[in-house]
Amino acid sequence: MLESQILTSQDGAVCTLTLNRPAALNAFTTAMLMQLRNALDAAAADDSVRCVVITGAGRGFCAGQDLSDPLVKPSMEAGDLPKDIGHLLDGYYIPLAQRVRSMPVPVIAAVNGVAAGAGANFALGCDLVLAGQSANFIQAFSKIGLLPDCGGTWLLPRLVGRARALQLALLAEKLPAAEAQSMGLIYRCVPDADLATEAQALAQRISALPVRAMAQTRLAFDAAGRMDYDEALKLESAMQSRLGFAADYQEGAAAFLQKRAPKFTDR
Ligand code: LHQ
């Protein structure tokens, strides 16, 4: 039987998904994209999971779409017709990008090596991006005549502003993790040897916090990006109202007043 292209493990309330095609720098195949979405669906449905970590096996995080996949491979023989690669985005990448942004718990990308093309933007769509110091981010699309996908057109200008987003997308140069941190593209760059431990420690810390409020914060940020100030204020009020009725607020505020450690349970 073929080895799974996504490995799943769980430690306490932290579920770790590992992209597992190391010989191709974990480039996305359709099978892998499907398995990744299924694994995220399973984590979303499992009440014991309170934080998800996504990382790569081997020396890379993810080199983006596997360009040798028959669905995207260019026509190299006379008579071959070009394929509509939009179908792949509609059928696989859009549902995956949406799945990450609608997870009921925080999602951490632990970028252990190169993250290129859709691999970079998949990581940047996660809630917190930690990267090893030898990792780098490449908007590889322009090199092959494409534009940033997997959320890149939306994410990049919002994360780093239009000028830097265009720099990254047009020049498609390798952006080292330390620079990605200093320009605000990612949360933090850490020594390679510490990446897995740091990512797990962060995930364990988060899993003891009010994760429902964190997922709602991500949803509110995303929604506010489509609104004017007054609409965002109204949305905050409606969402805060719901959180105020939930157990975590009752527990968090009571624990503060009673000077004791809170125990959060909502998801
Ligand atoms: C690969 C790949 C790869 C196959 C490394 N495919 N094998 C969405 C929908 C529809 C269509 C198209 O696109 C998209 C979104 C996208 O993601 S477009 C962007 C696709 N990705 C790229 O263009 C990146 C291509 N890869 C590279 O530029 C380099 O491999 C990077 C800079 C990532 C790493 O370079 P190196 O560290 O020098 O490694 P390498 O190039 O030697 O790669 C190692 C192996 O991985 C090698 O296989 P081999 O059998 O020769 O050892 C590569 O062929 C394979 N590989 N990326 N995307």
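We count ligands from 1, going down the list as the structure has it; atoms in each ligand are counted the same way.
Atom 29 (C) of ligand 1 is never approached by the protein to below 4.0 angstrom, counting heavy atoms only. For atom 6 (N) of ligand 1, the protein comes within 4.0 Å by at least one heavy atom. For atom 43 (O) of ligand 1, a protein non-hydrogen atom is found at a distance below 4.0 Å.
Heavy-atom contacts of V72 reach the following atoms of ligand 1: 10 (C), 11 (C) (cutoff under 4.0 Å). For ligand 1 and L89, the ligand atoms under 4.0 Å from any heavy atom of the residue are 8 (C), 9 (C). The distance from ligand 1 to the heavy atoms of F141 drops below 4.0 Å at these ligand atoms: 15 (C), 16 (C), 18 (S). Atom numbering of ligand 1 starts at 1 in the shown order; those under 4.0 Å from a heavy atom of D66 are 4 (C), 6 (N). In the vicinity of L146, heavy-atom distances shorter than 4.0 Å reach the ligand 1 atoms 12 (C), 13 (O). Distances below 4.0 Å separate heavy atoms of A140 from the following atoms of ligand 1: 22 (C), 23 (O).
Contact analysis puts R59 in contact with ligand 1, with a non-hydrogen atom separation below 4.0 angstrom. Residue contacts with ligand 1 do not include G60, since none of its heavy atoms lies under 4.0 Å from the ligand.
No side-chain donor from either of N20 and T18 sits under 3.5 Å from a side-chain acceptor of the other.
In this structure, of A116, A63, A23, the residue bringing a heavy atom nearest to atom 21 (N) of ligand 1 is A63.
No N or O atom of G64 sits closer than 3.5 Å to an N or O atom of ligand 1.
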